[in-house]
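Following: one structure in structure tokens, then a few remarks.
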There are 2 protein chains.
Amino acid sequence: MTLQHDPRQNHLLAALSRDEYQCLAPHLEWAELKLGDSLVESGKVMHHVYFPTDSIVSLLCVMEDGDSTEIAVVGAEGIVGISLFMGGETTPSRAIVQSAGSAYRLRGQLLKDEFDRSSTLQHLLLRYTQALITQMAQTAVCNRHHSLDQQLCRWLLLSLDRLPTNELVMTQELIANMLGVRREGVTESAGKLQRAGLISYHRGHIRILDRPGLEARVCECYAVVKKEYDRLLSYHRPG
Amino acid sequence: MTLQHDPRQNHLLAALSRDEYQCLAPHLEWAELKLGDSLVESGKVMHHVYFPTDSIVSLLCVMEDGDSTEIAVVGAEGIVGISLFMGGETTPSRAIVQSAGSAYRLRGQLLKDEFDRSSTLQHLLLRYTQALITQMAQTAVCNRHHSLDQQLCRWLLLSLDRLPTNELVMTQELIANMLGVRREGVTESAGKLQRAGLISYHRGHIRILDRPGLEARVCECYAVVKKEYDRLLSYHRPG
DNA sequence: CATACTGTGTACGCTAGCGCACGGAAGCGA
DNA sequence: TCGCTTCCGTGCGCTAGCGTACACAGTATG
């Protein structure tokens, strides 16, 4: 196992004790996630959970007419497939790779067994789930009350927090799908940010130039979510 | 304990086995919930969880400027205070009584102990939490894509499902707070429903006259949520 | 080098919902 | 009975975002 591909780049796996990690490690399977890959389909039984390391996965709620909205985003701090240990087996939402990279996956049954056996793992995952719930709630209120400009800033910052670089590979069309708005709306808002010197983008590549500038424009929702993630997931890395 | 006030009117308590229920029963404390009571305040440590019997509680996300949005609603099918067993202790959202009635409350520590001890209770609560997550996700997408008319229908139906009667005590002002819209907007949408003969209302009392009519107007979000609740919470009542 | 496609810019009319302001009617309390 | 508050109706101008249409520049493909 190279350093480049270390499962413990995922914060949840990193938070496990040596013993607990050794239990799971042999079953962790490296997976390359490509942009647009679907990890979870609405109503389909999942066979694996995914622990992203340097990839980002979006949880989307898709409606009959194809309109969609991102309800949460998962990076190295989290896990994709919570319904496996929550007991529902399936969910009505989808999980799409938003930023290509790596993840480690684990057969659902193995995770469930360990979830029931180890109260440490259980508490860890439940705290993470609560953070996810906060993100979803804040997304709902943000959708309702804030301008597209602010939501775009929030989205960029949430993505940035989950990336090793300050460049994200993402077309305006895709961002529009995530935010549940028109592509033209994203063009306009992104144009404002570019003219303000906060970002620069070119054909699917967005570079963040002035992060503090984005933070000055974003609505409170970003801070609320970040604070709650920090509060709930600030465990120490054991050996 | 009279039949009128039976804790097992709450579906979660009703789903427990006789033994498990007997464990908790001595500690269940009857509570009268009045319209507008706050059960959970943002960031405050909660000392109790609440099992509504014939009351309805709204989970709200409130922002700095006072604007709010309901992210989920809890009735006899659920429990208020999931962050106690999820491990976070607090949440950034509020829980407000939306329809007066009864609930049974339990000290948080007792629930936590039992949650860790009994895997049945644990699975029950986690499945419920997953249903709640679905409701929140669907609320987010509904906020984004559907008209106020449709959202009002969804809200009425979700409330109706949790009420023994077809009349709800609720001003348009309060509904506006829940949906995160203007009061005037609710007046207009409710007026349409009234003119169509689906509901009738008068100074804070709304009576539903034609439920199928509402179901014909509501967006798909209502059905998605209801189906998921049925799927996840359709346990048999043990003795 | 021609062609097609993908990603972005722009414009224009349209509508839902907002903010505000006001009026009126029902109920409640002194 | 009077006065006050709560609740609902209505109107008006405004704006953000929608739907649509089209232009154009990179990029890939033949």
Side-chain angles (χ1 to χ4, degrees), chain A residues 34-36 63 65-70 98-99 140-156 167-196 199-207 217 219, chain B residues 34-36 63 65-70 98 100 140-156 167-196 199-207 217 219:
Chain A
K34 299 200 185 103
L35 182 62
M63 295 190 307
D65 62 4
D67 279 355
S68 63
T69 299
E70 182 182 85
Q98 178 207 306
S99 179
V141 69
C142 197
N143 278 356
R144 169 61 77 200
H145 291 290
H146 295 142
S147 70
L148 178 49
D149 287 17
Q150 292 181 302
Q151 291 182 47
L152 179 59
C153 288
R154 171 176 63 82
W155 191 88
L156 288 172
E167 171 164 339
L168 55 173
V169 179
M170 177 66 42
T171 65
Q172 301 186 349
E173 176 85 40
L174 285 176
I175 297 181
N177 284 146
M178 303 288 178
L179 294 180
V181 298
R182 282 185 320 153
R183 195 267 312 161
E184 292 89 332
V186 174
T187 301
E188 216 172 316
S189 283
K192 286 186 205 169
L193 295 181
Q194 172 143 279
R195 285 190 289 278
I199 66 174
S200 83
Y201 60 91
H202 179 69
R203 294 187 71 75
H205 293 254
I206 305 180
R207 193 167 337 142
R217 294 197 172 211
C219 49
Chain B
K34 299 200 185 104
L35 181 62
M63 295 188 309
D65 62 4
D67 279 354
S68 63
T69 299
E70 182 182 85
Q98 177 206 306
V141 69
C142 196
N143 279 356
R144 168 62 76 200
H145 291 291
H146 296 141
S147 70
L148 178 48
D149 288 16
Q150 291 181 303
Q151 292 182 46
L152 179 59
C153 288
R154 172 175 62 82
W155 192 88
L156 288 172
E167 172 164 338
L168 55 176
V169 180
M170 177 65 41
T171 65
Q172 301 187 348
E173 176 83 41
L174 285 177
I175 297 181
N177 285 146
M178 303 288 178
L179 295 180
V181 299
R182 282 185 320 153
R183 196 265 314 161
E184 294 90 328
V186 175
T187 300
E188 216 171 316
S189 283
K192 285 186 205 169
L193 295 181
Q194 172 144 278
R195 284 190 290 278
I199 66 174
S200 83
Y201 59 90
H202 180 68
R203 294 189 71 74
H205 293 253
I206 304 180
R207 193 168 335 143
R217 294 197 171 211
C219 49

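Values below: all heavy atoms of this structure, side chains included; hydrogens, waters and symmetry mates excluded.
With the nearest nucleotide of DNA chain D identified for both T171(B) and D149(A), T171(B) has the one nearer the 5' end. Place R144(A) and E188(A) on DNA chain C by their nearest nucleotides, and E188(A) ends up nearer the 5' end.
In this structure, NZ of K192(A) is placed 15 Å from C1' of dG9(C), rounded to the nearest angstrom. R182(B) has its CZ atom 14 Å from the P atom of dC12(D), to the nearest Å. Put simply, CE on M170(B) is 17 Å from P on dT6(D), counting in whole angstrom units. Computed from coordinates, the H205(A) NE2 to dG7(C) P distance equals 10 Å when rounded to whole Å. Residue L148(A) contributes atom CG, which lies 12 Å from atom C1' of dC18(D) at whole-angstrom precision. The CG atom of N143(A) sits 13 Å away from the C1' atom of dG17(D) (whole-angstrom rounding). Following rounding to the nearest Å, Y201(A) (OH) and dT8(C) (P) show an atom-to-atom distance of 7 Å. Distance Q151(B) CD to dA16(C) P: 14 Å, rounded to the nearest Å.
When each of V181(A), I206(A), T187(A) is paired with I175(A), the side chain to side chain contact (heavy atoms under 4.5 Å, CB included) condition holds for I206(A) and for no other.
You'll find a donor-acceptor pair under 3.5 Å spanning the side chain of E184(B) and the base of dC20(C), going by distance alone. At a cut-off of 3.5 angstrom, counting only N and O atoms as typed in the model, there is no donor on one side facing an acceptor on the other between the side-chain of R203(A) and the base of dT27(D). Residue side chain R183(B) does not reach the base of dG19(C) through any donor-acceptor N/O pair under 3.5 Å, judged by distance alone.
Taking 4.0 angstrom as the limit, Q194(A) places none of its side-chain polar atoms (N or O) nearer than this to OP1 or OP2 of dT8(C).
When each of dG9(D), dG9(C), dT27(D) is scored by its nearest atom to the side-chain atoms of H202(A), the top-ranked nucleotide is dT27(D).
Salt bridge status for R217(A) with D149(A): absent, with no side-chain N to carboxylate O gap under 4.0 Å.
Judged purely by distance below 3.5 Å, without hydrogens or angles, the side chains of Q194(A) and S200(A) never pair a donor atom with an acceptor atom.
One distance of note links CE of M170(A) with CG of N177(A); it measures 10.0 Å at 0.5 Å rounding.
Nucleic acid contact class of G185(A) (heavy atoms, under 4.0 Å, all strands): none.
Checked against side-chain hydrogen bond (donor to acceptor under 3.5 Å, both in side chains), H205(A) has the following partners two or more places apart in sequence or in another chain: E167(A).
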